[in-house]
Amino acid sequence: MIDPIILFFLLGAVAGLLRSELRLPAAVYDFISIVLLLSIGLKGGIELARQPFVTLLPQMLAVVALGFLLSLVAFPTLRYLGRFNRADSASIAAHYGSVSVGTYAVAVAYLGSREIAFEEHMPLLLVLMEVPAIIMGIILARGLSRETRWKSIGHEVFLGKSVVLLLGGLLIGWLAGPDGLSSIEPFFFDLFKGFLALFLLEMGLITATQIGSLRKHGIFLVAFGIVMPLFSGLVGTGLGWALGLSIGGTMVLATLAASASYIAAPAAMRISVPEANPTLSLAASLGITFPFNVLIGIPIYYTMAVWAHTALAGG
Amino acid sequence: MIDPIILFFLLGAVAGLLRSELRLPAAVYDFISIVLLLSIGLKGGIELARQPFVTLLPQMLAVVALGFLLSLVAFPTLRYLGRFNRADSASIAAHYGSVSVGTYAVAVAYLGSREIAFEEHMPLLLVLMEVPAIIMGIILARGLSRETRWKSIGHEVFLGKSVVLLLGGLLIGWLAGPDGLSSIEPFFFDLFKGFLALFLLEMGLITATQIGSLRKHGIFLVAFGIVMPLFSGLVGTGLGWALGLSIGGTMVLATLAASASYIAAPAAMRISVPEANPTLSLAASLGITFPFNVLIGIPIYYTMAVWAHTALAGG
Amino acid sequence: MIDPIILFFLLGAVAGLLRSELRLPAAVYDFISIVLLLSIGLKGGIELARQPFVTLLPQMLAVVALGFLLSLVAFPTLRYLGRFNRADSASIAAHYGSVSVGTYAVAVAYLGSREIAFEEHMPLLLVLMEVPAIIMGIILARGLSRETRWKSIGHEVFLGKSVVLLLGGLLIGWLAGPDGLSSIEPFFFDLFKGFLALFLLEMGLITATQIGSLRKHGIFLVAFGIVMPLFSGLVGTGLGWALGLSIGGTMVLATLAASASYIAAPAAMRISVPEANPTLSLAASLGITFPFNVLIGIPIYYTMAVWAHTALAGG
Amino acid sequence: MQNRTTKLLTIITESVLETTLARELDRLNARGYTITDARGKGHHGVRNAGWEPSSNIRIEVACDEATAGAIAGFLEKNYSDNYAMILFTSDIEVLRLNRPPSTAT
Amino acid sequence: MQNRTTKLLTIITESVLETTLARELDRLNARGYTITDARGKGHHGVRNAGWEPSSNIRIEVACDEATAGAIAGFLEKNYSDNYAMILFTSDIEVLRLNRPPSTAT
Amino acid sequence: MQNRTTKLLTIITESVLETTLARELDRLNARGYTITDARGKGHHGVRNAGWEPSSNIRIEVACDEATAGAIAGFLEKNYSDNYAMILFTSDIEVLRLNRPPSTAT
Ligand SMILES: Nc1ncnc2c1ncn2[C@@H]1O[C@H](COP(=O)(O)O)[C@@H](O)[C@H]1O
Ligand SMILES: Nc1ncnc2c1ncn2[C@@H]1O[C@H](COP(=O)(O)O)[C@@H](O)[C@H]1O
Ligand SMILES: Nc1ncnc2c1ncn2[C@@H]1O[C@H](COP(=O)(O)O)[C@@H](O)[C@H]1O
Ligand code: NA
Ligand code: NA
Ligand code: NA
């Protein structure tokens, strides 16, 4: 059965496509996304408080490497198969190597409503995976030239809204622990799915505005927006299995790998690789990959995770 | 005893009349009204999932007819008794034939705090009653001339914010059912009265700004704003009884009939009957009828419903 | 252990100092502060419903006097020790004689997480303490001259957002009583700490913008911003003890005395004493005193209250 | 950098017209426009932006004189009777960027 | 459509003055005004609109030269010393709609 | 009250540039600027302000002609190729308040 929060996404998308007057004010979108980012961070932080940090190090290093790797796979595909110019290829690659917080939240909701457990420290991996592909995208576009203003790029990348809120939430959760946070639970945890529903409504509205660009930019982008996440999901599944994650955890990692950024990466690319056309990367990541993942991909990644854990365990 | 949410309305009205600096940003008003419309839709949708659709058909047809009828009664009253021009009469008639979501919510809260049951599919009737009077208002103003751009009017009327959110909520609730929605209950259902309180605070502030216009436009409008809802409430009571609704359901239908639109109708009339003066219809519906219904009308409609069910049942 | 909501303040402050892109839209800040002010008022109002009003009269008169007194102590200190001009001294004095709702909320959270009881009617004292120092500040700046437009000043002071919402909340809570409010509890009470966390995040961001001004305006202001609340806290402790408040209540009164306004006073001073430099008063009250109270002061005032109740009781 | 003297047409009117006017501007060959939210006061009284029905928008269109005239004439004919609206033009110099200042792609 | 050359007075100042200035503009015979929210930088430093005390408003008044002068003079005398504020005027052509461009009803 | 004729440079561009441009304006000797949020349409299509990536800002800088030219030239060279952006100037009269109209403290 389809998760009700997905229905909010569809409602937004349909309303947008029919050019309804429905619109969420930008301030409301900001409010909701701030709450979601903090909630996800807090939840992960609580978990960090529970386990020795050092046991997580291998996973942390692995996902950073995964972020670099995925952008390095995407780049030549876009450049030589898709015939995009260097800047566009690098920018799209950065989006696909980085992660989408909305997609992550939907995957977690999917597991939650099926009562499937997963490693609760996933938000830590989420925040770690946001940045590497963005840096790689800048290198791919600019080379490692001296002129690149790494200081201001670092500022842009590490002090963007989503990294600050996720990391801040993680730290607060970690310092305060589960008991400390009990007083803010009703706001940040009990309401989470409600905020997520509104967020998806707005994402549907935004997605609808991307369809026009897609028509212009042709079918390679559509194909890439579906095949790339499937490939990344497969890699993520393999890595999750290799790291010894549970089925749920493997599926979440696959989803992270498969998801394409639409908050951190667009902002950073716009400033650091301005010659890349933002329409291309947003049309792909929001117009294709986000709905694909949310509607179809997540169940597939779950099947992949189950398959990996049975086939490979048995093999 | 007065319901505390009504006190929020009074607080807003008093603050507005005293010209306090209190002001809700428009984005906050939008946020709150989006949440309320979705909540009401969702609640109705859950109920739809529970009963065979076809049993509701008679009620659905009846309320659509009621919407048409009420605007047809209001129009000549305004035109010949009130001596308003054709466009203004048609526009005000559309407002009074359509419904007010805020008034509906207060009626539901009234029943809730008295633990009186009512048919939970009322939001379906609510959304059905929004549109007919608006269409009738346009016909009354324009005639059925060929020139009228019905396509763009249909777009305006059926894709306005409140219809989309109510209908969308209904569909989501219907598809997901009560279990599916349990994860978003804390947001959309537990917080409902809190959001409603803030909404009423803002409605009080807005109502206060309408008082000036009323002074200008004289006592006919004031009288109409009180007598019309009483009449409509009576018709609604009769219809509710005839349809076999419970006492609570009869009272809700009477309130819907008595309420005057201030979201859907103003937007649609402004675009489709621009020569109508929006000050008149808003002054009446917001400056008189909304406070009248909320403070005095709702208990009256409840008394009417009780009376209908005892007197008529006994008769 | 540090309260987690304080961590949100630190997150905001650090993000602000690092010039992160994190920003809360003004509409969100307004929304959150409206909810907090109403919540605090409602909570106090419920308590008022429980006790005979007349027993509170001595406390009410005492805190009004305290507000006047504190501004009268601050003024000459600023004027002669700090060598500020008359308007600036009067304006800063008004800020420090008035109260900060955010600081109050943190103090209440401090007691709550330690399960220490306090007199629940404190919001009544809070709202009573907002105004006197502001009036005194205007008198100190202008003298009691005929020309002063007291009517418009009264309007500004008594109909400002925070007084209206606190007072309105008090009245609603008082009229509706605990049972009446149960339906809006989930919104206004259960979410309180969550809203407070977001509010403190924003306060951290705003505080960070004040640091620059502080560097300009020197160390007297920094010293004043720390010594004045300690002094006021001591006076508040004494008064609380003298009024027979519990330990928790004494500590809350001390915190109120120690806190410096950054909502009501800035707005009123800006209009009524425009020649005062708002940068000075905000740098002191937000850049120094708010973080000092929230991070260090509150535990000190608690210690003071305990000490007063043991030493003086024993003495 | 070549400059070109042209007109800036400013329209202040009711928010409810936004979708409609955007469509009309396209139709009337405006190659671009900028919209900001506004509130204000005029013949139709105070419009304080507390909610949609009393909100204004402020539309700016940089265009040549003929287009400005055409848009203004059209709005006057079709909207100014029934909507709160004020229109004015001023002279501006559009800085010729790498592309022509008002040519659609 | 007759046009009339007149002035647009633009005032950028602190949000806290909104109510006061709206009253003063009425008193000084401005027949209308338009307000938008703004942020900015000037002699009084950065005003980033994060909260009320650091928010600006941008007020536009279309009026004849005398009124513009009167308003500007009044603001200079009473407000410009103590508030973050900048004032400027430009020439505009108000398009004469069916009603006179700035006559109160 | 002495007045001074000067230029108003208006820049409409992507919100994402706000921090960057504020820094550049400082560097280029603008003594002040005012920013409002905007949406619009141009060569780069509709930018409806539904979320950050499609939001615009409208920056105004009152300055002398040379500064306006320098800023415009700089923006043209460095930003106008890659960002949605329109620039125009108009003549304004800055009312000389008690302080010089554009001198930093
Ligand atoms: N003289 C004026 N100066 C500036 N803005 C005005 C003026 N007159 C009207 N407006 C704006 O245009 C809107 C509609 O004007 P009106 O149709 O005169 O009510 C008002 O709400 C104001 O925002
Ligand atoms: N040169 C300028 N160009 C555009 N806006 C300015 C300029 N100077 C000041 N402002 C605006 O006017 C406000 C108050 O100016 P000031 O009193 O100089 O701080 C600033 O916050 C800016 O929004
Ligand atoms: N002719 C125009 N008149 C007014 N605003 C414009 C015009 N052209 C572009 N703009 C604004 O400048 C932004 C960027 O323009 P562009 O680079 O042409 O897409 C648009 O989103 C509009 O807000
Ligand atoms: Na990815
Ligand atoms: Na009705
Ligand atoms: Na104090």
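Values in this document were obtained by computation on a predicted structure and should not be read as measured data.
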Worked verdict on E:Met85 versus F:Leu95 for side chain to side chain contact (heavy atoms under 4.5 Å, CB included): CA-CA 11 Å; E:Met85 181 177 283; F:Leu95 304 175; over 6 Å; no

Value rounded to 0.5 Å, distance of CD1 in F:Ile35 from CD1 in E:Ile12: 11.0 Å

Reported CD-to-CZ distance for the pair F:Glu18 and E:Arg39, which is rounded to 0.5 angstrom: 4.0 Å

From CA spacing to verdict: side chain to side chain contact (heavy atoms under 4.5 Å, CB included), F:Leu25, E:Lys41: CA-CA 10 Å; F:Leu25 288 176; E:Lys41 188 176 169 181; over 6 Å; no

Proximal component of E:Asn56, with respect to chain F [non-hydrogen, under 4.5 Å]: neither

Among the listed options F:Asp91, F:Ile59, F:Thr36, the residue most often paired with chain E at heavy-atom distances under 4.5 Å: F:Thr36

Which portion of E:Arg58 sits near chain F, non-hydrogen atoms under 4.5 angstrom: side chain

F:Thr34 portion near chain E, given a 4.5 angstrom heavy-atom threshold: both

Proximal component of F:Leu8, with respect to chain E [non-hydrogen, under 4.5 Å]: side chain

